[in-house]
Q: 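This is the structure I have questions about; it appears just below.
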Amino acid sequence: FLFDLLRVVMSGRRVLVAVKRAIDYKVQIRVNKDCTGVEDAKMSMNPFDEIAVEEGVKMKENKQADEVVVVSIGPKKCSETIRTALAMGADRGIHVEIDQNLFPLDVAKVLQKVVEKESPQLCLLGKQAIDNDCNQTGQMLAGLMNWPQGTFASKLDFDGEKTVQVTREVDGGLETVELTLPSVITCDLRLNKPRYTALPQIMKAKKKPIDTITPEDLGVSISPRLKVVSVNPPPKREGGGKVADVDELISKLESHGLA
Amino acid sequence: FFFNSRSMFVRRASYISRVMRFNNYQRYYASGASKCLVFAEHNNEKLNPVTLNAISAARLISEDISVLVLGSNCQNVVDEVSSVDGVSNVLYSDNQSFNRLLPESVSPVLEKCQSEQNYTHFLAPATANGKNIFPRFAAKLDVQPISDVTKVESDNTFVRPIYAGNALATVESSDNVKIITIRPTAFDAANKGSGKANTSKIECDVSQDLSTWKSEELAKSERPDLTAANVIITGGRGMKSGENFAMLEKLADIFGGAVGATRAAVDDGMVPNDMQIGQTGKVVAPQLYIAIGVSGAIQHIAGMKDSKIIVAINKDEEAPLFQIADYGLVGDAFAILPELTEKLAARQKK
């Protein structure tokens, strides 16, 4: 308790970044035989979460943050994902270990407890996880904390002490909102380009601390509300048709009444 | 009596719904208990057609459909919504604070609607607004929201794409309230014109000190919205520069269509972000999709694979997009585009 208190008192500006271990974005996934999910494949840090980690580390480099704490919720191997974030420049990690696949409501509840423990001035999350494509967790955390939210962020401006200007990518283009701190921000593709981690950083990361706890330690009882009834492949799209030249293309379009 | 007569009625009603669903009818479910609130997407002057798709999705769940319009000087939108088939009520607040929709301002209004009316389902089109606002609202109600629904199986079971649409998950919700965003391209648009809904103003406290809207940079275009266009011409990295997109615009104008882009083109600064089609950009399903200089990354295909006819033009014959294209033309886009545009324009003249 004293260490936590000390941590809060000395927190300066702390940024909490949530990262998820998900199937690598380059993988062509396949639905498994019993239609309950997809076949195992190479796992990586969710690409949007890499962008969130990068933003936190950049903030530290620009003296806009004093400490970057990374949290991940999931099975044992999530610690590898946290190590990657530490190699990118985060200071310490928190692994909330649980074997189940969680939906955003439960993830947000766990994150809420971590936030209450760590008192960050800013939470950075990726816009969406590329496995379940929910795009909900950041918004839900903000709702639970009653903090403002800046979603789909492509630019952050910490000009004020107590506020942040967030430029967001929306349907019609860009919009800028001003949020009071603390707030939750979800990171979109063009916020930054995540750095590669070189061997020296990877070696340094091995010495950085990772705290392993469970949802029970945080006082969260997981209550899944969605049951996955089945997972199926989408209707197959036949393709591969070729035309030899523009004239043939036009006649094909004509046959469909499109030209 | 071991069974009371009411439970017999409910079981018969749900048997009827199951039969109707099995027969693939798009009919109302006989569930008297369901009550939907649809969140309208609009620009204060006109209703965004994606709202009509959300209303259709709602009609698969219930006959009791209300629509919420939050806006500023939005009377036209209120009138438009009240004429949509199947809508019984339009709730609205016309307030300067709702000129742009901040989730910190909107969520309390949704919560108020819920505490007063006890809706069983909330639906919104999966636009930037819907995606921004609904999960926050769901957290306030301790509900797990369901986003980007492409099929309504029943009042508690929905299908949604995962892994960039390479798998479809059927999920069943045990929450008492379902909070759902729908993928507009997956549902027909409800008809306008013959509805005559009640309209009622709602009183809501709009003050909040968490967020302020500052400014926007919107693309101005005479062309249709990507989500509404019948024809889309998309350019990828192969277009090499933003200036070259003018060639795509010329082609789009022949069809009266819209111009889209891949993430690569936006990242390289060729075009603004509102043109991005893909897993995390816009999802489109036009009659005709012509992709030029687009390799066909998994994430781009996620945003356009439901297009009726797909044409791919690329000088790389190994480009993955050819595998799902109905008509692929291997060749140099900068030679093909002018020829295609010229010949189509000539035909149009005739």
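Basis for what follows: all heavy atoms, side chains included, without hydrogens, waters or symmetry-related copies. Numbers restart at 1 for each chain; the letters A, B, ... are given by sequence-line order, proteins then strands. Everything numeric here is computed off the predicted structure, so don't read it as measured data.
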Q: Which atoms of A:F103 come close to chain B, meaning under 4.5 Å heavy atom to heavy atom: side chain ones, backbone ones, both, or neither?
A: both
Q: For the interface with chain B, which of A:I23, A:V229, A:L144, A:V166 has the highest count of heavy-atom pairs at distances below 4.5 Å?
A: A:V229
Q: If you tally heavy-atom pairs under 4.5 Å against chain A, which of B:R136, B:R160, B:E217, B:K343 wins?
A: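 Maximum pair count with chain A is reached by B:R136.
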Q: Looking at chain A, which one of B:A219, B:S307, B:A138 has the largest number of heavy-atom pairs inside 4.5 Å, strictly under?
A: B:S307
Q: I'd like to know whether NZ of A:K155 has more than 12 heavy-atom contacts from other residues, nucleotides or ligands below 6.0 angstrom.
A: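 No, the 6.0 Å shell around NZ holds no more than 12 heavy atoms from other groups.
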Q: Picking from B:Q348, B:E339, B:R100, which has the most non-hydrogen pairs under 4.5 angstrom with chain A?
A: B:E339
Q: Rounded to the nearest 0.5 Å, what separation is found between the CD1 atom of A:I29 and the CG atom of B:N166?
A: 5.0 Å
Q: Decide if atom CD of A:E39 counts as having more than 12 heavy atoms of other residues, nucleotides or ligands within a radius under 6.0 Å.
A: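 Count over threshold, so yes.
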Q: Please name the pair of heavy atoms, one in A:K109 and one in B:D142, separated by the smallest distance, quoted to 0.1 Å.
A: NZ-OD1, 2.7 Å
Q: Is chain A contacted by the side chain of B:Q299, its backbone, both, or neither, given a heavy-atom distance below 4.5 Å?
A: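 B:Q299 touches chain A through side-chain heavy atoms alone.
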Q: Of the listed residues (B:Q279, B:K308, B:Q287), which shares the most heavy-atom pairs with chain A below a 4.5 Å separation?
A: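 If we count pairs closer than 4.5 Å to chain A, B:Q279 comes out on top.
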Q: With a 4.5 angstrom heavy-atom cut-off, is it the side chain or the backbone of A:I250 that approaches chain B, or both, or neither?
A: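 Interface part for A:I250: side chain.
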Q: Looking only at side chains, do B:Q276 and A:E169 share a donor and an acceptor under 3.5 Å apart?
A: no
Q: Would A:E254 and B:R347 pass as an ion pair if we require N to O under 4.0 Å?
A: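 Counted as a salt bridge, because a side-chain N and a carboxylate O are separated by less than 4.0 Å.
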Q: Considering only heavy atoms, which portion of B:E104 lies under 4.5 Å from any heavy atom of chain A: side chain, backbone, both, or neither?
A: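 Just the side chain, heavy atoms under 4.5 Å.
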Q: Identify which part of B:F255 has an atom lying under 4.5 Å from any heavy atom of chain A, answering side chain, backbone, both or neither.
A: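 It is the side chain, since no backbone atom gets that close.
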Q: Can you confirm whether A:N101 is buried at CG, in the sense that more than 12 heavy atoms of other residues, nucleotides or ligands lie under 6.0 Å from that atom?
A: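 No, CG of A:N101 has 12 or fewer neighbouring heavy atoms, counting only those of other groups under 6.0 Å.
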Q: Where do A:R237 and B:I310 land on the side chain to side chain contact (heavy atoms under 4.5 Å, CB included) test, with the steps shown first?
A: CA-CA 10 Å; A:R237 173 133 200 162; B:I310 297 174; 3.5 Å; yes
Q: Is it the backbone or the side chain of B:K305 that comes under 4.5 Å from a heavy atom of chain A, or both, or neither?
A: both
Q: For chain B, find which of A:V231, A:V243, A:D247 contributes the most heavy-atom pairs closer than 4.5 angstrom.
A: A:V243
Q: Among A:T180, A:V31, A:V177, A:D133, which has the most heavy-atom pairs under 4.5 Å with chain B?
A: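 Sorted descending by pairs with chain B, the first entry is A:D133.
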Q: Does any heavy atom of chain A fall under 4.5 Å from the side chain of B:I298, the backbone, both, or neither of them?
A: side chain
Q: May I ask you to check whether over 12 heavy atoms, not counting those of B:F334, lie within 6.0 Å of atom CZ?
A: yes
Q: Non-hydrogen atoms of chain A under 4.5 Å away: do they reach the side chain of B:N230, the backbone, both or neither?
A: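 Neither part, no heavy atoms under 4.5 Å.
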Q: Could you go through B:R263 and A:R190, starting from their C-alpha distance and side-chain angles, then the distance that decides it, and tell me whether this counts as side chain to side chain contact (heavy atoms under 4.5 Å, CB included)?
A: CA-CA 10 Å; B:R263 173 198 173 171; A:R190 283 165 277 277; 4.1 Å; yes
Q: Measure the spacing between CG of B:L210 and CH2 of A:W147 and express it to the nearest 0.5 Å.
A: 11.5 Å
Q: When you check the side-chain N and O atoms of B:N132 and A:Q149, is any donor under 3.5 Å from an acceptor?
A: yes
Q: Chain B: which of A:P233, A:A22, A:S183, A:P104 shares the most heavy-atom pairs with it under 4.5 Å?
A: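 Greatest number of close heavy-atom pairs with chain B: A:P104.
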Q: Which atom names give the shortest non-hydrogen contact between B:D274 and A:G172, and what distance separates them?
A: CB-C, 3.6 Å
Q: I need the A:L105 CG to B:Q144 CD distance, nearest 0.5 Å.
A: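 Spacing of CG (A:L105) from CD (B:Q144) equals 5.5 Å.
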Q: Please determine whether salt bridge (Lys or Arg N to Asp or Glu O under 4.0 Å) holds for the pair B:K214 and A:D157, giving the CA-CA distance in whole Å, both sets of side-chain angles, and the decisive distance to 0.1 Å.
A: CA-CA 13 Å; B:K214 286 299 211 185; A:D157 263 303; over 6 Å; no
Q: Side chain from CB out, backbone as N, CA, C, O: work out which of these in B:V231 comes under 4.5 Å of a heavy atom of chain A, or both, or neither.
A: neither
Q: Does NZ or CZ of A:K242 lie under 6.0 Å from the centre of the six-membered ring of B:F322, at an angle within 45° of the ring axis?
A: yes
Q: Please classify the contact of B:L321 with chain A as side chain, backbone, both or neither, using a heavy-atom distance under 4.5 Å.
A: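 It is neither, since no heavy atom gets under 4.5 Å.
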Q: Starting at CG of B:N273, measure out to CG of A:L189 and round the result to the nearest 0.5 Å.
A: 10.0 Å
Q: Determine whether B:T212 and A:Q165 satisfy the following criterion, side chain to side chain contact (heavy atoms under 4.5 Å, CB included), listing intermediate values before the conclusion.
A: CA-CA 9 Å; B:T212 320; A:Q165 299 234 1; over 6 Å; no
Q: Just wondering, more than 12 heavy atoms not from B:E342 lying within 6.0 Å of its CD?
A: no
Q: Do you know which of A:L249, A:N132, A:L174, A:T186 has the most heavy-atom pairs under 4.5 Å to chain B?
A: A:L174
Q: Could you check which of B:P272, B:P103, B:P161, B:S107 has the highest count of heavy-atom pairs closer than 4.5 Å to chain A?
A: B:P103
Q: Can you measure from CD (B:E172) to NZ (A:K227) and round to the nearest 0.5 angstrom?
A: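 That separation rounds to 4.5 Å.
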Q: For atom CG of B:N176, is the number of surrounding heavy atoms from other residues, nucleotides or ligands below 6.0 Å larger than 12?
A: no
Q: Check A:A259 against B:L344 and note the closest heavy-atom contact, atom names and distance.
A: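 The pair with the smallest heavy-atom distance is CB-CD2, 3.8 Å.
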Q: Using every non-hydrogen atom in the two residues, find where A:V38 and B:A167 come nearest and quote the distance to one decimal.
A: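 Here A:V38 and B:A167 meet closest at CG1-CB, 4.4 Å.
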Q: Walk me through it: do B:L329 and A:V246 pass the test side chain to side chain contact (heavy atoms under 4.5 Å, CB included)?
A: CA-CA 8 Å; B:L329 179 48; A:V246 169; 4.3 Å; yes
Q: Does CD belonging to A:E248 count more than 12 external heavy atoms closer than 6.0 Å?
A: yes
Q: Nearest heavy-atom pair of B:K282 and A:D171: which atoms, and what distance?
A: NZ-O, 2.6 Å
Q: What heavy-atom pair brings A:F48 and B:T280 nearest, and what distance separates the two atoms?
A: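 Closest heavy-atom pair between A:F48 and B:T280: CZ-CG2, 3.3 Å.
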Q: Heavy atoms only, distances under 4.5 angstrom: which of B:D148, B:I146, B:T227, B:T157 has the most pairs with chain A? Name it, please.
A: B:I146
Q: Check each atom of B:L102 against the heavy atoms of chain A and say whether the ones under 4.5 Å are side chain, backbone, both or neither.
A: side chain
Q: Looking only at side-chain N and O atoms, does A:Q136 offer a donor or acceptor that is under 3.5 Å from a partner on B:S147?
A: yes
Q: Select, from A:A244, A:G240, A:G138, the one with the greatest count of heavy-atom pairs under 4.5 Å involving chain B.
A: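 Most pairs with chain B among the choices: A:G240.
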